[in-house]
Amino acid sequence: QVQLVESGGGLVQTGGSLRLSCVASGTFRRYSMGWFRQAPGKEREFVAAINWSDINTYYADFVKGRFTISRDNAKSTLYLQMSSLEPEDTAVYYCAASTTVRATRPLEFAYWGQGTQVTVSS
């Protein structure tokens with residue numbers, strides 16, 4: 001099992017940047033990791049994912065090169081660097097862990113953090 005704790009969310013103006021972190025307990029390096037987000041009244045949606053070896057990354061189309069996912073297995077930490085933020089990026093952001101190699105769908109992720117709020121003001 002793995003437990004996940006996100007941090008780094010907050011209030012930022014349009015065009016600003018934030019870096020989210022997700023610290024994991026347990027055997028972090030065995031899991032593919034992902035970031036998802038959920039805005040009020042909307043379904044949870046995929047943002048980005050990275051496999052255990054840090055070689056392959058996957059992004060939602062709306063990221064458009066603005067976000068970068070990375071991981072530090074030595075620190076058991078997952079990151080999401082977000083730049084050029086827009087009000088539409090406002091949501092609770094969740095990190096998640098999966099035993100599936102190329103996981104990008106919520107159902108493929110068995111472990112979830114509690115989420116961190118990101119609010120982008122216009």
Distance, nearest 0.5 Å, that separates [atom1] of [X] from [atom2] of [Y]:
X      : Y      : atom1 : atom2 : result
Thr116 : Tyr93  : OG1   : OH    : 10.5 Å
Leu78  : Ser21  : CG    : OG    : 8.5 Å
Trp35  : Met82  : CH2   : CE    : 8.0 Å
Cys95  : Arg71  : SG    : CZ    : 11.0 Å
Tyr79  : Leu20  : OH    : CG    : 12.0 Å
Thr100 : Arg102 : OG1   : CZ    : 11.0 Å

Going by heavy atoms in the side chains, are [X] and [Y] under 4.5 Å from each other?
X      : Y      : result
Val118 : Thr90  : no
Trp52  : Val101 : no
Thr14  : Pro87  : yes
Val5   : Cys22  : no

Test your reading of the model: is there a side-chain donor-acceptor pair from [X] to the backbone of [Y], 3.5 Å cut-off?
X     : Y     : result
Thr77 : Asp72 : no
Gln38 : Glu43 : no
Asn51 : Asn56 : yes
Asn73 : Ser76 : no

Out of curiosity, does Leu80 fall in the hydrophobic cluster containing Val23 (side-chain heavy atoms, cut-off under 4.5 Å, transitive links)? no
Would you kindly confirm whether Val2 and Ile50 end up in one hydrophobic cluster when ILVMFWY residues are joined by side chain heavy atoms under 4.5 Å apart?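 Yes, Val2 connects to Ile50 through the hydrophobic network.
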When you look at CD of Gln81, are more than 12 heavy atoms from neighbouring residues, nucleotides or ligands closer to it than 6.0 Å? yes
Of all residues at least two apart in sequence or in a different chain, which pass the side-chain hydrogen bond (donor to acceptor under 3.5 Å, both in side chains) check with Gln117?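 In terms of side-chain hydrogen bond (donor to acceptor under 3.5 Å, both in side chains), with neighbours along the sequence ignored, Gln117 is linked to Thr119.
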Which residues satisfy the side-chain hydrogen bond (donor to acceptor under 3.5 Å, both in side chains) test with Arg66, sequence neighbours excluded? Asp89
Please evaluate residues Glu45 and Arg37 with respect to the criterion side-chain contact (heavy atoms from CB on, under 4.5 Å), reporting the C-alpha separation (whole Å), side-chain torsions for both, the decisive distance (0.1 Å), and the verdict. CA-CA 5 Å; Glu45 63 179 352; Arg37 70 185 189 184; 2.7 Å; yes
Ignoring hydrogens, what is the shortest heavy-atom contact between Glu108 and Ala103? Give both atom names and the distance. OE1-CA, 3.2 Å
Which heavy-atom pair separates Met33 from Ala97 by the least distance, and what is that distance? SD-CB, 3.6 Å
What's in the same ILVMFWY side-chain cluster as Phe36, cut-off under 4.5 Å, chained through other members? Phe46, Tyr58, Val92, Tyr94, Phe109, Trp112
